[in-house]
Amino acid sequence: MARTECVAMILAGGQGSRLGVLTDDLAKPAVPFGGKYRIIDFTLSNCTHSGITTVGVLTQYQPLDLNTYIGNGGPWDLDRNIGGVYVLPPYVRMKAGEWYKGTANAIYQNIPFIEKFDPEYVLVLSGDHIYKMDYTNMIRYHKKTGAAVTIAVMSVPWEEASRFGIMNTDETGRITEFQEKPAQPASNQASMGIYVFNWRDLKEYLIADEQDPSSDNDFGKNIIPNMLQNREEMFAFQFQGYWKDVGTIQSLWEANMDIIASPPVFNLHDNNWRIYSKNPIQPPHYVSSDAYIVNSCITEGCNIFGRVEHSVVSDGVTIEKGAIIKDCIIFPNVHIGEGAILEKTIVGQGTTIGKRVKSGIRESGDNPYASDLCSEGIVLIKGDITIDEDTEIYKNSMVRTYQRIGGGEV
Amino acid sequence: MARTECVAMILAGGQGSRLGVLTDDLAKPAVPFGGKYRIIDFTLSNCTHSGITTVGVLTQYQPLDLNTYIGNGGPWDLDRNIGGVYVLPPYVRMKAGEWYKGTANAIYQNIPFIEKFDPEYVLVLSGDHIYKMDYTNMIRYHKKTGAAVTIAVMSVPWEEASRFGIMNTDETGRITEFQEKPAQPASNQASMGIYVFNWRDLKEYLIADEQDPSSDNDFGKNIIPNMLQNREEMFAFQFQGYWKDVGTIQSLWEANMDIIASPPVFNLHDNNWRIYSKNPIQPPHYVSSDAYIVNSCITEGCNIFGRVEHSVVSDGVTIEKGAIIKDCIIFPNVHIGEGAILEKTIVGQGTTIGKRVKSGIRESGDNPYASDLCSEGIVLIKGDITIDEDTEIYKNSMVRTYQRIGGGEV
Amino acid sequence: MIHAMGLILSDNDIHINTLTEKRSVAALPIAGRYRLIDFILSSMVNSGITNVGVIPRLNYSSLMDHLGSGKEWDLNRKNGGLQILPPYIGRGMHGLGEGNIDLVAAVGGHIKRSKQKHAILADGNNVLNIDFDDVMDFHLSNHSDITLVYNEELQTDRALSAHTILEVDQNNRVTGMEVRPRRPKSKKVFLNIMLTERNFLQHLIDEAVARGEHDIARDILMKKVSRLNICAYDFKGYVGCIDSIRSYYDNSIRILNENVRKELFNPNRPIYTKIKDQVPTNYGSYASVHNSLIADGCTIEGEVKNSIIFRGVYIGKCARVSNCIVMQNSVIQDGCELDHVVMDKEVIVRESGRLIGDYNYPMIIGKGAVV
Amino acid sequence: MIHAMGLILSDNDIHINTLTEKRSVAALPIAGRYRLIDFILSSMVNSGITNVGVIPRLNYSSLMDHLGSGKEWDLNRKNGGLQILPPYIGRGMHGLGEGNIDLVAAVGGHIKRSKQKHAILADGNNVLNIDFDDVMDFHLSNHSDITLVYNEELQTDRALSAHTILEVDQNNRVTGMEVRPRRPKSKKVFLNIMLTERNFLQHLIDEAVARGEHDIARDILMKKVSRLNICAYDFKGYVGCIDSIRSYYDNSIRILNENVRKELFNPNRPIYTKIKDQVPTNYGSYASVHNSLIADGCTIEGEVKNSIIFRGVYIGKCARVSNCIVMQNSVIQDGCELDHVVMDKEVIVRESGRLIGDYNYPMIIGKGAVV
């Protein structure tokens, strides 16, 4: 059997608590995005298009959901005779189980998995980024420079640079310094959390790091600084294009809006780089004579009788007559009743919004659903609940369980 | 999506320590059997042929190996759009991980997995049994009797009955009593560890059992007795045919010999009930002009120059000129040197047997490899080691790591 | 879950203008993202059938491309699964035969090797969602030798006299059968879907071949009506029979009706089709869509009314598309006006182009045309 | 890992007795468990090619059955993967064409839609295990327009003058080329394997079609020798060319040679084939097997010598099989004597039957015969 040149390991994140109720029952990478995708579809599709067919997905929480979503890997063309895609939760070893202590520890715990494929390179990726990238270019660059590790970087606005891990490089692209969230950034080249390692080198560093009790076992905090200190050859690979970390409600909302901007900030209409997903088995969407839809994306299985403006509508959604949604993200199988008016609202999978419900329109000092996680007016409503008719939900709310709180007749 | 009528859960066993060095690096269900199979192939193939396409494999140890062996389930035709086969190790939940405390607890921990498929029935199976069985007959019987649980039983010789869980039934097949390894068995109907449960009933018993701190969380010791006590409808389903638990070295050896007996005690040449496996990608085996092969089975990729009598030879094995093997089981990719003589020896995967090695021929009071696990003259040699030329290994040995112990020139 | 094999005849002698020039009828695109064969094939799969043979006659490369390995129908199986059974073409040109008996006879080996007790033989040109479990229950409880499926409200272009009409007594037994009768004695139209035991099907075909016969309805069923217990199952659901450009157009537009859509797209019995990984459809600032079915992957900048828009279509600014069927990847550039047009795949209508057909004479634009 | 599409012509004009009456040459069973096409197809897959089109001409149902969805070659892919590209047969009988140019031209759309920079076009009738990475390196470093693969020790039945012979200068450039020359100027036999850029291949084919030409070697390559940089890659590995019953028999038996086997079945470049889930072969108490290749699923009770035994064959007690090729699922009952016999699939030789051919005239028994 031919050896596998490069294995990809996707760090599919911790509990994702900054996404609030969206990750109550769901691993972050499985959160819906862009009408018919899950967040992880982007990274998986990038792997497939880059010819990387052995992929491990490292996740702490709810591995079961992710396992059944990913299934045999077929939707991403990752149902392979050799390799394919594996969900790798931390499993019980000798006496007790261990959380993945940090990103580096997650890879460390899966050294036996990687060794099975005897790769030359390991591509370390993050499961909560939205972007399209051909990793082959980066791997080619890595081979050319002969580096121990190559780190993808992109230019960020100077004023935001202090929120990122910043790479300082010499004129050849060699990394000379790494600053994690620097107050005074020396450059605006931010690490995207995408690494190509020589597996042999990485393995050594992982083993050493594991033996250091003071380590956070994290790539950004430990592995990369240690390699820098040991003067390993480290290069930055310049990425140009759209890239977004969707770890917060705000950024998730923004990224969804980016695909319906005109012209789109992030264009998914690209036949050469399709984003694969487990497609819903639904007929085309129906748009009634009364409907009005502009600046939005709508997908299969929807029935639109109302008004949709600048919104992302997922599969199987019904929007009844007279309902208006604006700047919203509607997850799959939501039902929005007649006359409901929603603005800047994210509605979780399977939720029913009663008739004449209002959401995200007014502010209130006395908001029972107020949440620090929701700002900029965004409302987040959990999946699989019912919001009764005539309820009003104020801006900056997160509705986990709904209890009638006055405001209208049933 | 149509619901799944029946989900199969395969209890793939604990560490299998009675199989000695065979399970040092391998989960028991992944141990080779019959030349080109792994033990679990039999249960998985039974599921496929019975039309059961949603299968969970519950394993404590080495889930990774099993995971990569099972892959996308394709070899067993279990690469399904809905369902398919999943390896389910105990995973870390809130703060810490938990072993599967017992067979019942293993299913308990995976209630969310089963619920995803909303089944009517759950078929509980064991992953270390060698047999061919059409579960549809058993499920049909279960439906007909309207039982809460149906347990497959078979007649065993009376003298062995006290080694089994014995079911006593009335004339209609209703189970009236269950004795775990009774000293004075009242019948010779032994439980095969194959259960069909109504999922709703089983779930209740699992939840109740979990809350009982004194329980062993075991089907045989707890769930079944509890159900009997509550006077649930429980029926025995009579199985006729070959069935063998291969949990010990002795029984593993016997079961292998059963397939090469003449006429075979267990016939694998059955086009209507093929045993599926991940087939090796190897050419047909070559038999040289000097070779002699009788009463044996040989498979792809072998090169036979020596003498093979009454043995099972797995794929990719080379047996050099003048070597003699008799009553042996040779695992994949073993190389047996010129003039070596092996009797009743099980040779682990990838091991090299030097020239003129003798094994299993003589007894010795002073046997450095003597092992309680090996009786009846059987020798077990671990995989991926090298036995030097001219070594002699005595009967009833288990060789874990080989160190030269005199007995010939290099 | 029934234990039967399925056989789909993908190519009966129906020609639908240029739309079937290079594809079999069963491969005709319909309802925005499907091919005709998806309906009968999904019906079989949803009834638990795992062995389906598709018998093409000519021009089946688009059918092969559509069906692929059968993955989307979960029919990429080790035993059975989906198999395309091309006619045997020798170094001369035998094997295409003259009728459906010849086509079924040519796959006799496949039928013989199959293991299911029953066989369902069906044409591939009906839009319907039928539960074969019910048909099987009917077949067994009537101790039927052969069960024929009929419908009394067939949505078709052709007159009753163009079909095979059944006479059925109160015990569901077929008492008479006429192929293309001058004066139809009932409205019970045989849908060319039949269920029988597999061995018996093979026996009937063998016998007919030996007698040099060609047509199943005329040469087998009609002759056996009095000698066998042939029963008729009344399928009461929606059936659109595609047998002309008229019925293709009408049955397409009918899917805009909510009740028809609910019957065909029952979530418990989904219609599967080839997955194309299209993005959701984008609506621009001036989009205006009314009473239309829109598949994924489209960009809608203009107006669409009473139309079916397939995957990947582009409709430009100020374009007006009414009463049209626009197939996959066609491009309607800015300012075009289209009315009553059926447009095959990958057509381009250039800026401000006008194509106006009539309900009685929809305009057909062939695949890949640039207008 | 190379970035090229593969095209395999599965049906050149070679007829091998009754063995290819109902199957294309590429579907010929060989070496105990393979079909001829497995060698070139696996070679492509092992070089990282993920888009392979197989172009059949006639009788490709056994080829379709063998290749299935391409799963065994890991070619059941979303983009590209394995595709069988049947000739377009219109409602007349066009499309079969006259030569390989016509066949390749018929799949022009497929070539156009493919995305790889290069294309490898190969016949399907050679037994070999070739690393296309090396061919690509050669192609690039020679700045070749077209690279032809040749071999100087071709294992073939036919004389050199039956092949296409290349003249090659010291810079690897093809300076002359003759199709079936009376007096071959070299022993460099073109293996009908060529590599070029995909767009250029299509250009060459389009041009040839426009001129009404049919044969790639004669009408394209020979004419371009002086005008293009056509280079020749010397493949030094073993090549068995199957072009007659003689070469079929000889190249089969040659696989008993350890060196040939090692070259063909390199574990780093495995030859894939359809998986049949056969059990290991069982040897009985009186089995006696010498210098033979035995596939899985057999039961050997008798004697076998210098033979190739395919999957699922039964050899009865006291039967003696020498110098034979016995294909899948054949049954040699007790006491039979067979010498120099080539037996197609599913043959039954009844008890004590005797079939004795000669090395110079091996006896051929057709598929399914009962002797």
Side-chain angles (χ1 to χ4, degrees), chain B residues 1-8 36-37 41-55 70-86 117-121 123 132 134-140 142-144 196 270-279, chain C residues 1-6 38 41-52 66-83 109-110 112-118 129-134 136-137 140 198 264-277:
Chain B
M1 153 182 161
R3 61 192 295 215
T4 304
E5 190 187 36
C6 182
V7 168
K36 65 184 287 193
Y37 306 100
D41 289 336
F42 291 83
T43 310
L44 288 177
S45 301
N46 286 343
C47 286
T48 302
H49 289 304
S50 304
I52 294 169
T53 54
T54 303
V55 181
I70 289 178
N72 66 16
W76 304 270
D77 211 19
L78 290 171
D79 49 336
R80 299 287 171 153
N81 291 349
I82 295 165
V85 57
Y86 296 89
F117 299 98
D118 186 21
E120 190 83 23
Y121 309 108
L123 177 64
K132 295 187 284 190
D134 190 342
Y135 304 127
T136 47
N137 296 330
M138 181 169 172
I139 294 168
R140 201 179 298 129
H142 179 82
K143 288 184 200 170
K144 213 184 75 188
V196 179
D270 179 351
N271 287 340
N272 291 319
W273 205 272
R274 287 182 201 271
I275 305 305
Y276 299 128
S277 70
K278 203 165 191 170
N279 281 242
Chain C
M1 303 289 275
I2 66 177
H3 196 60
M5 72 181 293
D38 292 338
L41 183 55
S42 299
S43 293
M44 289 181 174
V45 167
N46 287 327
S47 302
I49 293 176
T50 58
N51 171 5
V52 181
H66 177 67
L67 298 174
S69 64
K71 228 181 205 182
E72 280 90 351
W73 296 265
D74 214 11
L75 285 176
N76 52 338
R77 301 271 62 88
K78 284 204 146 186
N79 297 306
L82 183 67
Q83 286 177 49
H110 171 77
K112 205 173 152 194
R113 279 191 302 273
S114 294
K115 287 173 183 160
Q116 290 76 13
K117 187 168 181 205
H118 289 89
N129 191 340
I130 180 171
D131 188 339
F132 285 111
D133 293 82
D134 294 343
M136 181 65 86
D137 287 347
L140 296 175
R198 181 174 57 82
L264 293 177
F265 302 114
N266 175 346
N268 294 318
R269 306 183 52 79
I271 304 298
Y272 303 96
T273 191
K274 185 172 183 180
I275 283 171
K276 303 231 168 169
D277 296 296

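A note on names: the letters A, B, ... follow the listed sequences, proteins ahead of strands, and every chain is numbered from 1. Values below: every heavy atom of this structure, side chains too, minus hydrogens, waters and symmetry copies.
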Using the ring-ring contact (aromatic ring centres under 6.0 Å, His included) criterion, which residues pair with B/H49? Sequence neighbours excluded.
B/W273, B/Y276

Nearest heavy-atom approach of C/D74 to B/D79 is OD1-O, 4.1 Å

Sequence neighbours excluded, the answer for salt bridge (Lys or Arg N to Asp or Glu O under 4.0 Å) partners of C/K115 is none

Can you measure from CG (C/N76) to CG (B/N81) and round to the nearest 0.5 angstrom?
7.0 Å

For B/L78, does its backbone N or O pair with a side-chain atom of C/K78 as donor and acceptor, under 3.5 Å?
no

